[in-house]
Amino acid sequence: TLPSYSSDLDPLENPVPPTTPGPGINAANTLVVRALNDGQIYAFSIAGSAPGGSSGNASQEETDDPLDGVSLPILFEDVAPSRGPPASGNGIGIAGAVGINLISDTTLAYLSTPATVAATDLTVEADNKTWLLSLTGGAVLARPSGDGAASSSSAIAGAFSLVIINQTTRALVFGPNLDVTGDMTVRAGRDGFAITLSIGAAGNFTGGKTTIAGNISVNVLTSTTEALVDTVSGAIRGDLSISATDEIELIAIGGGVAVGGKTGIGASVGANVIDADVVAALQSEHAATSAADDTDVTVDGAVSVVATNDKTLRSVSVAAAGTNGTAVAFTISINIILGDTTASIDDVTLAGRIVEDVSLGPDSVEVRANDDSNLQAIGGSLGIGLGGNGFGGALGWNQVTTNTKAWIENSTITGVTGTVDVIAESTETDAILDGKILSLSVGAAGSSTTAAGGGLSINVVTSVVEATIKSSTVTAA
């Protein structure tokens, strides 16, 4: 059994172990500490309207009056009856949908004690695999009256979608004296995806006034994924693996389509942000506030500290307008990826054992930070004014700003029988298309008089990539 802790305390927020170590843990075989957050979130918000024109003439009720409302002069043909066309009908159709999703997840797996932990193999892992599907839509269909009366209606449709997701995933080993005869694995992983679809559509077939359809979509995903071994001592006879991985994917689709009427406006505005930090570390950051000394371990096998940030953002924003008069369509799409990826061995003493004058490891040491972010964005607009003007415009801003760092600092690493690798890299591989940023912005227009269309895409990539060994002693084969 472990010393008691309050269940709502993150050990890094309150990292002081009890003064009495307690009996610790002695597992005959494998010791596993696992936290899993796995599920699906579905969110739907849909609104619709279908106004129909009316003639304005209420149907006359049947009566017993033999004249049936006809005056005597008309009855005896002294005056010709006047029927006239049905009265015209005017109306407006409005539909709006709003979807708001605020999600906060914390997934923690930790082993926090100053006591001795003995096991054949030790595994501490935290996984967040939740995913989201959000659909927001507003649609209007304005129809002509069924009695042949002239009608002049307006149609307005809109959709607003807001998705904010904040997730923390952490696997932590803090403070114990280790006696592991096999392998030790500390792993934190964030997987899954978020799909958001937001559409406003309006159709006006009354020959009437205005048709407007628009969409505003805002998606913000922030996360911290950490795998940490902090302030430990003892021995690991097999491999030591510390890994943190973020593989979230955001797919955002937005559209505004307006068809019919004398004046039509179709618009789509989208803003998508992914801000993800990934940390893997063997460290002594909290030694000053714990009962343990700095991290000092012997490892016979391979040591790997790996952080991987493999987030993907795919965005599609489309707007269209087609009318008998003037049509205007435009899209504005803002897509941003931010994040730090760090892997480190910091303030650590790491060595192998010497048995009968033979060095038993570590076999190798790898510290690797990899950022493989990908951003793909498509923005398009089409404005067609059959009897007037047509305008179409698309504007896209796409930005990837990342910091990728791997280091060994203030540490002593000795007796490595193989290689010591410290690697930081920024790559751009993707299952669909490779590339850090792939973007397309197209604006098109057509009309019988004036037509103008244009697209502008601005792409910014800023990356800091560093691999360092600093203020350390490292000896290896």
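Computation of the quantities below employed the complete heavy-atom set of this structure, encompassing side-chain atoms and omitting hydrogens, waters and symmetry-equivalent molecules.
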**Request:** Can you label the angle between the F193 ring and the W131 ring as parallel, tilted or perpendicular, going by 30° and 60°?
**Result:** parallel
**Prompt:** Is the backbone of T326 close enough, under 3.5 Å, to the side chain of T263 for a donor and an acceptor to pair up by distance?
**Reply:** no
**Message:** Taking the side chain as everything from C-beta on, heavy atoms only, tell me whether T402 gets closer than 4.5 Å to T341.
**Reply:** no
**Request:** Check A159 against G200 and note the closest heavy-atom contact, atom names and distance.
**Result:** CB-N, 4.3 Å
**Request:** Of all the heavy-atom pairs spanning L221 and A194, show the shortest one and how long it is.
**Result:** CD2-CB, 4.3 Å
**Request:** Taking atom types as modelled, find out whether T401 and Q399 have a side-chain donor-acceptor pair closer than 3.5 angstrom.
**Result:** yes
**Asked** Are T231 and F174 close enough that some pair of their side-chain heavy atoms sits under 4.5 Å apart?
**Response** yes
**Request:** Look at the side chain of S284 and the backbone N and O of T295, then say whether any donor-acceptor pair between them is shorter than 3.5 Å.
**Result:** yes
**Request:** Apply side chain to side chain contact (heavy atoms under 4.5 Å, CB included) to the pair L350 and V297, showing each step before the final yes or no.
**Result:** CA-CA 5 Å; L350 177 64; V297 290; 3.7 Å; yes
**Asked** Any side-chain donor-acceptor pair under 3.5 Å between S217 and N219?
**Response** yes
**Message:** Closer than 4.0 angstrom, basic N to acidic O: yes or no for R34 and D127?
**Reply:** no
**Asked** What is the minimum heavy-atom distance between S45 and A97, and which atoms define it?
**Response** O-CB, 3.6 Å
**Asked** Is a side-chain N or O of N215 found less than 3.5 angstrom from the main chain of G256, in a donor-acceptor match?
**Response** no
**Any side-chain donor near an acceptor of the partner, R190 and S223, under 3.5 Å** = yes
**Asked** Is there a donor-acceptor contact under 3.5 Å linking the side chains of N37 and T130?
**Response** no
**Asked** Any side-chain heavy atom of T342 sitting closer than 4.5 Å to one from W407?
**Response** yes
**Request:** Take N335 and S333 through the test side-chain hydrogen bond (donor to acceptor under 3.5 Å, both in side chains) and record every step on the way to the result.
**Result:** CA-CA 7 Å; N335 305 290; S333 180; 3.0 Å; yes
**Item:** Test item: side-chain donor near acceptor, N370 and T308, under 3.5 Å
**Value:** no
**Prompt:** Side chains of N166 and S104: is there a donor and an acceptor less than 3.5 Å apart?
**Reply:** no
**Prompt:** Of the non-hydrogen atoms in I248 and D191, which two are nearest, and what is the gap between them?
**Reply:** CD1-O, 4.2 Å
Side-chain donor-acceptor pairs of residues 430-445 under 3.5 Å, sequence neighbours excluded:
{"residue": "D430", "atom": "OD1", "partner": "R314", "partner atom": "NH2", "Å": "3.1"}
{"residue": "D430", "atom": "OD2", "partner": "R314", "partner atom": "NH1", "Å": "3.2"}
{"residue": "D430", "atom": "OD2", "partner": "Q376", "partner atom": "NE2", "Å": "3.0"}
{"residue": "D430", "atom": "OD2", "partner": "I432", "partner atom": "N", "Å": "2.8"}
{"residue": "D430", "atom": "OD2", "partner": "L433", "partner atom": "N", "Å": "3.0"}
{"residue": "D434", "atom": "OD1", "partner": "D430", "partner atom": "N", "Å": "2.8"}
{"residue": "K436", "atom": "NZ", "partner": "D371", "partner atom": "OD2", "Å": "3.2"}
{"residue": "K436", "atom": "NZ", "partner": "S373", "partner atom": "O", "Å": "3.3"}
{"residue": "K436", "atom": "NZ", "partner": "S426", "partner atom": "OG", "Å": "3.4"}
{"residue": "K436", "atom": "NZ", "partner": "T427", "partner atom": "O", "Å": "2.7"}
{"residue": "S439", "atom": "OG", "partner": "S457", "partner atom": "OG", "Å": "2.9"}
{"residue": "S439", "atom": "OG", "partner": "N459", "partner atom": "OD1", "Å": "3.2"}
{"residue": "S439", "atom": "OG", "partner": "N459", "partner atom": "ND2", "Å": "3.0"}

**Asked** Nearest heavy-atom pair of A321 and A327: which atoms, and what distance?
**Response** O-CB, 3.6 Å
**Prompt:** Have T224 and D277 got a donor and an acceptor in their side chains that come within less than 3.5 Å?
**Reply:** no
**Prompt:** Any sub-3.5 Å donor-acceptor pair from N309's side-chain atoms to A276's backbone N or O?
**Reply:** yes
**Request:** Kindly say whether T196 contributes a backbone atom to a donor-acceptor pair with the side chain of S134 at under 3.5 angstrom?
**Result:** no
**Verdict with reasoning, V173 to V117, per side chain to side chain contact (heavy atoms under 4.5 Å, CB included)** = CA-CA 11 Å; V173 175; V117 175; over 6 Å; no
**Asked** Under 3.5 Å, side chain of T449 to main-chain N/O of G388, donor-acceptor pair present?
**Response** yes
**Item:** Test item: D372 side-chain N/O and E428 main-chain N/O as donor-acceptor pair under 3.5 Å
**Value:** yes
**Asked** Can you name the closest pair of heavy atoms from D347 and S411 and give their distance?
**Response** N-OG, 3.1 Å
**Request:** Among T106, T107, N128, T222, find the one that has a side-chain contact (heavy atoms from CB on, under 4.5 Å) with Q167.
**Result:** N128
